Every structure is written in C-alpha cells, then in structure tokens.
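Some notes on the structure that comes next.
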Amino acid sequence: MSIYQEVILDHSRNPRNFKKLVRPTASITVNNPLCGDRLQLDILVKNGTITEVGYSGEGCAISVASASLLSEYILNKQVKNMKKLDKDIVFKLLGINLSPNRIKCALLPWEAVLKVL
Amino acid sequence: MRYNEPMRSVDINDIKKDFPLFQKHPRLVYLDSTATSLKPRIVIAKESEYYNEYSANVFRGIYQISEQATSEYEETRTIVSRFINAKSAKEIVFTRNTTESLNLIAYGLGRKIISAGNEIVVSVMEHHSNFVPWQVLASESNADFKVIGVTPTGFLDIYDKKGKLSLNGIITSRTKLLCLTHVSNVTGVINPIREIIAAAKKINPTIITIIDGAQSVPHMQVDVQYLGCDFLAFSSHKMLGPTGVGVLYGKYELLDDMYPFLYGGEMIDEVFIEKTLYKEPPHKFEAGTPDIAGVSALKEAVAYLTRIGMSSVREHEREITKYAIQSLMGEFGDQIQILGPADAERKGGILAFTFGKIHTHDVAYILDEENIAVRAGNHCAMPLHTFLKKPATTRASFYIYTNTSDVDALVVGLKKVKKMLG
C-alpha cells in the first residue's frame with residue numbers, strides 16, 4: 001500500500017494553517033539537515049490555550065502533511081495538555097505505517113510543537 | 001597466468017542473468033550504482049570459496065591453506081596493478097574503501113609535509129571523503145585550503161576567457177597538494193585530469209596530485225601513468241567487487257617516504273622495546289588481518305570487467321545516459337532540471353536532477369513504491385549542492401546491467417510522481 005494516501009495528499013497539496021503569525025507568543029525553527037527540511041512554527045497562546053497556529057518552510061509531502069494535521073490538532077487546545085503530546089498521535093493522524101527513514105520527516109513538526117511550548 | 005587466457009565473453013545486452021540479485025528481485029529497477037554496484041555470481045562465489053576452501057590467515061602460516069590464501073590475496077594486487085597500469089604491484093595498497101585510502105594519504109603524507117603557509121587545493125565538486133580530510137589537515141596545520149569552483153553547467157572553473165585551461169592563481173609555488181575527483185558523483189562530469197595535472201606540474205613541479213577514482217575506475221579505462229597522478233583511490237564495491245575493500249595506488253617512492261597509517265600486526269618488520277622497523281610498501285600500510293575474502297574476490301570483478309572491456313563499459317553507459325537524457329527531457333521538458341551538463345559525451349552515467357517543486361524524498365519514495373531504486377539527498381557532496389543552490393537532488397545512475405527498459409520504467413515512475421504531487 002502506498003504511504004501517499006488521500007489524507008496525506010490532501011494535506012500536502014493544501015496545507016492548513018500554512019502562514020506566519022504576525023505577533024506570535026512563541027516561535028521555533030527546526031531542521032532536518034539530512035534532507036534540507038526547515039520548519040518554522042508560530043503559536044499564539046491566550047490564557048493557557050493555543051488560539052492561533054501557523055507554520056512555514058520547506059519539506060516533503062509527509063512532513064508538510066504532518067505539520068498541517070498537527071496544526072489542526074493543537075489549535076484551541078490547552079498548552080498544559082499539548083506539552084506531553086505523544087508522538088503516536090502523529091502516526092494516528094497520518095493513518096499510515098512509516099519506514100524508519102520517513103519517521104524523521106513525520107516527526108519534525110511534532111518536535112517543533114514540543115519545543116515551542 | 002589464468003587471467004590472460006581467453007574466457008567466455010560477456011554479452012552486455014544479456015547481462016542481468018549474471019547478477020543473482022535480479023533473480024531474487026526480478027522487478028527491481030536498480031538505478032543507484034554510484035552508491036554501490038551489484039555483484040556478479042562469480043564474485044560472490046569467489047568470496048565464499050575463501051571461506052569454504054582456504055580460510056586461513058595471510059602471511060603467517062607455514063601450512064598450505066595459508067599459503068593459498070596469501071597467494072590469492074597477492075594475485076589480486078598484481079591484477080589490480082595491471083588494470084590501472086601501475087608500474088608495479090608494490091604500488092597497490094588495500095584499504096577498506098576510497099574514504100580510507102584518502103585518509104591514509106592525509107595521515108601518512110599530509111602530516112609529514114604540510115605546514116603553515118602551504119596550500120592544499122581541492123574543488124567544490126568533491127565527495128565529502130576528498131574534501132573533509134584536506135579541510136581538517138589544512139586547519140590543523142595552519143595551511144591554506146583553496147577550493148576550485150564550478151561553472152553553472154558543472155565544469156571545473158579553470159578556463160580562461162579564450163576557453164583555455166589555466167591554473168594561474170590557483171596553483172602556486174606554495175601549493176603542496178592538489179586533490180580532485182576524476183568523475184563527479186553528482187553531475188557525472190568527467191574532469192580532464194591528465195591536462196590538469198600537466199598544467200599544475202608546469203607551475204609547480206613538486207606538487208602532489210591525489211585523484212578520487214571512485215566513479216571513474218569502475219566505468220572507464222583509467223591508466224595512472226597516462227594520467228600522471230601521484231595517487232589514485234577507488235573502491236571495490238562500486239566496480240562489481242565485494243564491500244570492505246578499497247584500493248590506494250601511490251607512486252612507490254612516495255609510499256616509501258610516508259608515515260604508516262595504522263600500526264600493529266602485519267605491517268612491522270622488527271619490534272624492539274625502544275623502536276620498531278616497518279615493512280616496505282605496500283605492506284607497511286596494511287596493518288592487521290585484512291579482508292582476505294574480499295580482496296581475493298576483487299580480482300574476479302576486475303576479470304569480469306576486463307572481459308567486457310572498459311571501452312565497451314563506457315560506450316554502453318554513454319548510450320544509456322544519452323537515451324535517459326532524451327527520454328526524461330522529452331517527457332518532462334523544463335520540469336526536470338539535470339545538474340551539470342546534459343551531454344552524455346562529457347559525463348559518466350550519473351543524472352542528478354530536481355523534479356518541479358516536488359521534494360526529492362517524495363520522488364525517491366514514490367519511485368521505490370514502483371520498485372525503482374534511486375538516491376535522494378546531497379549524495380555526500382553538500383558543498384556542490386550549496387554552490388549550485390540546490391538543497392537536494394534525486395540521482396539515477398547507471399552501470400553495465402542498466403538497459404533501456406530500466407530508463408523507461410524511470411519515466412513511467414516519474415509520471416506517477418507528477419500525477420500524485422505535481
């Protein structure tokens with residue numbers, strides 16, 4: 001079965017929340033030097049809740065889809081809950097089994113979420 | 001000598017049957033021979049012959065199977081020396097791979113002759129293994145590290161306005177080492193090594209030239225005396241031979257003058273409490289038990305290539321490359337951007353490209369889902385990718401077992417990539 005299932009193609013072609021925030025309360029850039037991927041994640045937190053999410057940069061379809069799905073997932077959630085976000089959630093959102101060399105792509109946005117909080 | 005006897009000729013159009021991997025994976029389209037080549041049956045058989053028939057250590061046994069192991073090991077040295085036209089088998093050192101061969105020079109010669117104010121010259125198209133050792137050596141000895149650039153089409157930037165090769169301003173009387181690749185592992189560009197060495201030695205006759213032959217020796221006739229190089233490094237595993245074996249060719253006087261690289265067993269003559277006397281080259285550089293099986297089997301790879309003939313190997317790859325460039329550009333036009341020249345006459349069988357805006361990992365991964373093996377990334381040549389402003393490329397590379405159906409499969413695979421993500 002191809003890993004490029006509909007949900008991944010959809011989110012990589014039309015990434016949700018793909019933007020830079022004007023006044024983020026926190027911002028982080030993560031890299032995957034192996035493939036040159038770069039992701040900047042901005043969030044706006046109000047009263048302990050993530051009220052706005054935006055990200056920008058370059059990545060493969062898997063890492064873009066992962067960023068898009070995660071951005072939807074963490075939006076309007078409480079920071080204290082997202083701080084201990086398990087990486088399994090990424091695989092659940094993507095809905096596929098990944099080979100070891102693609103897990104890094106999928107987890108780059110997750111790494112950014114943990115770091116920015 | 002049995003390698004001079006006539007042997008079954010190899011039909012290059014019907015060659016896949018000699019490679020057992022294709023029986024295990026009949027649908028595999030293998031386009032990553034620049035990373036490593038597949039191995040023909042005779043090489044695999046020769047490697048296991050050692051373990052089945054004369055699995056003893058070399059040089060130290062007084063008994064028959066040890067003598068046989070030693071003779072198989074040393075016979076490869078002779079065959080490799082003839083293959084690249086070295087003056088003597090004593091100029092062939094066995095290492096683990098090209099990287100180790102190059103590091104051996106950096107440690108054995110570099111540490112001895114490089115000091116502050118000297119220059120080491122490399123090019124930006126080098127594989128990391130012919131770049132980093134020299135960068136570190138220069139930094140540790142306060143020498144100048146000079147890097148020759150490339151033109152937008154991927155050729156070394158060494159031509160004057162009239163198009164004449166000129167190393168003025170690059171090579172000076174302070175330049176001690178010139179380290180260059182023969183064929184780029186990214187663009188496939190074939191550098192005019194003989195002309196470059198002649199021009200460099202004209203400016204500075206004492207310069208020592210170190211050539212990375214990892215991508216040339218497997219694919220074309222390479223003659224060290226014709227090139228005029230002082231050192232040539234290459235790997236067995238890229239030329240149909242086993243992994244774990246590299247070759248370093250060096251002019252005997254230079255090898256003789258160098259420090260050893262690794263110290264220990266096999267490489268010593270006599271050891272006293274206060275000092276040690278080393279063996280003469282090449283054994284001075286082969287400390288510890290070597291890859292006896294691998295070295296023994298390398299000669300079968302050389303014999304196989306010799307039966308085809310290196311000019312036929314080159315001719316075959318040139319035709320495949322020409323066909324691939326025509327097919328890819330015909331089908332995808334501007335969407336495919338090939339790094340370096342799109343001219344099969346001036347490059348080896350290597351095509352690194354970008355495909356629209358599609359990420360190279362996605363290209364390679366979707367191709368893999370179609371059983372097509374290509375490489376994605378910067379191919380251990382980050383300085384070149386940075387210089388040409390491409391973070392990463394997809395690379396398809398060819399060898400004697402690549403045929404036009406493999407290229408057709410690549411085109412079909414890329415059409416699918418385009419449909420999914422383009």
Side-chain angles (χ1 to χ4, degrees), chain A residues 1-16 18-19 29-41 55-71 90-91 93-112, chain B residues 25 27-28 32 35-36 127-128 131-132 186 335 337 339 352-395 409 412-422:
Chain A
M1 190 181 83
S2 173
I3 61 163
Y4 295 89
Q5 295 299 301
E6 206 42 55
V7 60
I8 290 176
L9 292 178
D10 175 32
H11 279 266
S12 67
R13 286 192 192 118
N14 308 298
R16 325 294 198 264
F18 189 83
K19 63 190 172 191
T29 301
V30 287
N31 294 294
N32 185 352
L34 204 68
C35 46
D37 285 2
R38 234 187 90 262
L39 177 80
Q40 181 185 327
L41 178 68
Y55 58 89
S56 53
E58 284 173 49
C60 63
I62 304 297
S63 98
V64 171
S66 167
S68 174
L69 287 157
L70 263 184
S71 72
V90 178
F91 306 127
L93 291 169
L94 290 167
I96 44 164
N97 286 320
L98 288 168
S99 63
N101 55 8
R102 295 311 291 273
I103 286 177
K104 241 182 123 71
C105 314
L107 291 183
L108 191 69
W110 169 78
E111 194 189 311
Chain B
H25 304 283
R27 292 177 57 232
L28 176 68
D32 199 16
T36 195
H127 186 284
H128 295 158
F131 193 92
V132 181
V186 178
Q335 193 179 19
Q337 297 280 333
L339 252 70
F353 58 87
T354 54
F355 193 54
K357 289 209 162 114
I358 307 173
H359 195 282
T360 171
H361 273 191
D362 293 320
V363 175
Y365 208 90
I366 295 169
L367 290 176
D368 176 55
E369 291 183 345
E370 300 296 303
N371 274 305
I372 302 165
V374 296
R375 174 100 183 253
N378 64 36
H379 323 300
C380 300
M382 196 168 153
L384 180 66
H385 279 81
T386 308
F387 196 86
L388 295 173
K389 298 187 172 63
K390 306 266 187 204
T393 51
T394 305
R395 183 184 70 189
V412 172
L414 286 172
K415 278 189 197 169
K416 189 181 168 197
V417 174
K418 187 177 166 181
K419 198 174 149 204
M420 285 172 79
L421 298 174

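Here is the naming used below: chain letters follow the sequence lines, and residue numbers restart at 1 for every chain. Reckoned from all heavy atoms, side chains included, excluding hydrogens, waters and symmetry mates. Everything numeric here is computed off the predicted structure, so don't read it as measured data.
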Per-residue contact mode, Ser63(A) against chain B (heavy atom under 4.5 angstrom)
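Contact with chain B involves no heavy atom of Ser63(A) at all.
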Side chain / backbone / both / neither for Ser2(A) at chain B, heavy atoms under 4.5 Å:
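Contact with chain B: backbone and side chain both.
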Quick one: are [X] and [Y] in side-chain contact, heavy atoms under 4.5 Å?
X	Y	result
Glu369(B)	Ile3(A)	yes
Tyr365(B)	Ser99(A)	yes
Glu58(A)	His359(B)	no

Provide the closest heavy-atom pair for Leu9(A) versus Met420(B) in the form atom of the first, atom of the second, distance.
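Smallest interatomic distance, heavy atoms only, reads CD2-O, 3.8 Å.
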Taking every non-hydrogen atom, the tightest pair across His361(B) and Arg102(A):
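That would be O-NH1, 3.5 Å.
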If I take atom CG from residue Asp362(B) and atom SG from residue Cys105(A), how far apart are they, to the nearest 0.5 angstrom?
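It comes to 8.0 Å.
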Would you say that more than 12 heavy atoms from the other residues, nucleotides or ligands in this model lie under 6.0 Å from the NZ of Lys104(A), or not?
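Check fails, neighbour count at 12 or below.
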Among Thr360(B), Ile366(B), Asn378(B), Asp368(B), single out the residue with the greatest number of heavy-atom pairs under 4.5 Å to chain A.
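Greatest number of close heavy-atom pairs with chain A: Ile366(B).
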